[in-house]
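Values below: every heavy atom of this structure, side chains too, minus hydrogens, waters and symmetry copies.
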Amino acid sequence: MHAAETNSADDNGMIVILPVKKSVAMLFALFASLLALAVSCATKPMPAIPDYPSLVSLSFDAVAVKLVQADVAGFEFSELVKNRSDAALKLISAEHVLSLDGVPYTLDSRSGGIQGAGTLLALSEIRGFIKTDIKLTAPASSLIGGGSQPESSWRLSSTLMLEDAGGHAFALLGETAGKVPRLILPALAIESITVRKMELINTKLKVDIVVRNENYFPLVLDAFDYALYGEGRFWARGRTAEEIVVAARSDKKIALELVMNFADMDRSVLDKVIYMKQVLCRLSGRIRLRTTLEFLPEFELPFSVEGEAPVAR
């Protein structure tokens, strides 16, 4: 018998001689199969990633517009994120875009625009949510000024990046839109000057002006400070505290009372007043106005109008 052979018995009891190399290969194959089976039994399946877009929602609430400064409009709103999954989610970044009449103004978390970034808790029985108050600003000229449009359109878009404990990140998108009334500044015009009473030195004048309100809501004038200039020189100053309502989309004639002193006035100006001729005049001052707008309940408007006005008696 050779050393490179082994003996085994077949079914008939006869001795079969196998090569040593073949028997070793068979044993190795059997060991590899057993090892693969053990590894497959010990390996657990990877958990499925939740469908976060269907379980996490973003909504907006309580959008308010205010005049922060004379030239800055502020938009305040609440942003609500509701997490209906069983995972704790972390808010890692946020971007908010406010558009007024198609012009975008961007504020993101890197510039400190969002407060309350952190973890959104969600348990099997308790669904988690987070409420964040956001403040954005835009030039007040978007809401105040000329133009014929009665309203300004605004749109708010938010992009939140959220991440779970396993490092799976996803974007949460939200959008809301609306309209806010636009304030069209009133227009003033001098209609006429009337001599009410002429004395040796003083003359009482009545200046009729027309205030045009093109807004779709009334304006209330509750304080009116003014100065009248004629032919480039100061004539008189006055003030009225009478409450004057200018209806929506209409004109209102207002009579202003002044006392004019001729003591140091040029003779030519005096003659024009006495003989009822045209006078080149300018009226300037400030008006305090009240509106029905939530974002701008009242404000002061400086004005200056000039032109030729007839002088009558």
Side-chain angles (χ1 to χ4, degrees), residues 67 69-71 140-141 144-148 183-293 296-313:
L67 195 68
Q69 299 175 9
D71 57 349
S141 58
I144 303 173
S148 57
L183 175 63
I184 302 172
L185 297 178
L188 282 73
I190 302 173
E191 187 176 76
S192 65
I193 299 175
T194 303
V195 179
R196 297 288 295 271
K197 183 178 181 181
M198 183 173 290
E199 299 174 346
L200 182 61
I201 296 176
N202 296 328
T203 297
K204 293 183 179 180
L205 302 178
K206 178 173 73 76
V207 179
D208 289 324
I209 66 171
V210 177
V211 180
R212 171 165 294 179
N213 178 19
E214 295 186 358
N215 294 283
Y216 286 78
F217 48 86
L219 293 176
V220 179
L221 287 64
D222 60 6
F224 205 148
D225 292 283
Y226 47 88
L228 180 65
Y229 298 81
E231 301 297 326
R233 300 188 61 177
F234 171 76
W235 278 14
R237 190 182 306 275
R239 186 178 194 277
T240 178
E242 180 186 358
E243 185 177 282
I244 302 169
V245 179
V246 185
R249 307 287 292 173
S250 66
D251 296 345
K252 178 80 172 183
K253 182 184 288 189
I254 301 174
L256 306 178
E257 301 289 341
L258 303 98
V259 177
M260 184 177 177
N261 191 308
F262 289 105
D264 58 350
M265 189 168 295
D266 185 87
R267 179 67 190 183
S268 63
V269 178
L270 178 59
D271 290 342
K272 286 187 178 181
V273 175
I274 294 175
Y275 296 110
M276 297 173 287
K277 296 182 179 180
Q278 293 283 118
V279 175
L280 180 62
C281 57
R282 175 170 63 90
L283 187 71
S284 61
R286 301 182 71 85
I287 307 175
R288 190 168 71 227
L289 292 150
R290 287 189 283 115
T291 75
T292 57
L293 303 179
L296 189 62
E298 66 176 38
F299 67 101
E300 282 196 355
L301 173 68
F303 69 91
S304 181
V305 292
E306 60 181 282
E308 283 199 345
V311 180
R313 274 193 124 147

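Cation-pi check for Arg249 over Tyr216 is met; the charged atom lies under 6.0 angstrom from the ring centroid and within 45 degrees of its normal.
Ionic pairing of Asp222 and Arg288 is present here: one or more N-O contacts between side-chain nitrogen and carboxylate oxygen are shorter than 4.0 angstrom. Of the charged side-chain nitrogens involved, none lies within less than 4.0 Å of a carboxylate oxygen, so that Glu257 and Lys204 do not count as a salt-bridged pair.
Contact check for Cys281 versus Ile193: side-chain heavy atoms found under the 4.5 Å cut-off. At least one side-chain heavy atom of Arg282 sits under 4.5 Å from a side-chain heavy atom of Ser304. Contact of the Leu221 side chain with the Ile254 side chain is registered, since non-hydrogen atoms from C-beta on lie closer than 4.5 Å. For the pair Pro186/Leu301, a side-chain contact is recorded, criterion being any heavy-atom separation below 4.5 Å from C-beta on. Ile287 is not listed as a side-chain neighbour of Tyr226, based on a closest heavy-atom distance of 4.5 Å or more. Ile244 is listed as a side-chain neighbour of Lys252, based on a closest heavy-atom distance under 4.5 Å.
For the pairing with Trp235, the side-chain contact (heavy atoms from CB on, under 4.5 Å) check across Thr203, Leu205, Leu258 returns one residue only, Leu205. Between Leu219 and the choices Thr292, Leu185, Val211, Leu183, the side-chain contact (heavy atoms from CB on, under 4.5 Å) rule is met once, by Leu183.
In Arg286, the CZ atom is crowded: over 12 heavy atoms of neighbouring residues, nucleotides or ligands sit closer than 6.0 Å. Around the NZ atom of Lys206, the shell of radius 6.0 Å holds more than 12 heavy atoms that belong to other residues, nucleotides or ligands.
Taking CD of Glu231 as the start and CG of Leu280 as the end, the distance is 5.5 Å to the nearest 0.5 Å. The CZ atom of Phe224 lies 5.0 Å from the CG atom of Leu256; values are rounded to the nearest 0.5 Å. Annotation: the span from Lys253 atom NZ to Ser192 atom OG amounts to 6.5 Å, rounded to 0.5 Å. Here CG of Leu228 is found 11.0 Å from CD1 of Ile209. Values are rounded to the nearest 0.5 Å. Ile184 contributes atom CD1, which lies 5.0 Å from atom CG of Asn215 (distance to the nearest 0.5 angstrom).
No donor-acceptor distance shorter than 3.5 angstrom exists from the side chain of Thr194 to the backbone of Arg196, with no hydrogens or angles considered. No donor-acceptor pair under 3.5 Å is formed between the side chain of Asp208 and the backbone N or O of Glu191. Between the side chain of Asp225 and the main chain of Arg239, no donor-acceptor pair closer than 3.5 Å is present.
Shown here for Ala309 and Ile190, the closest heavy-atom pair between the two residues is CB-CG2, 3.9 Å.
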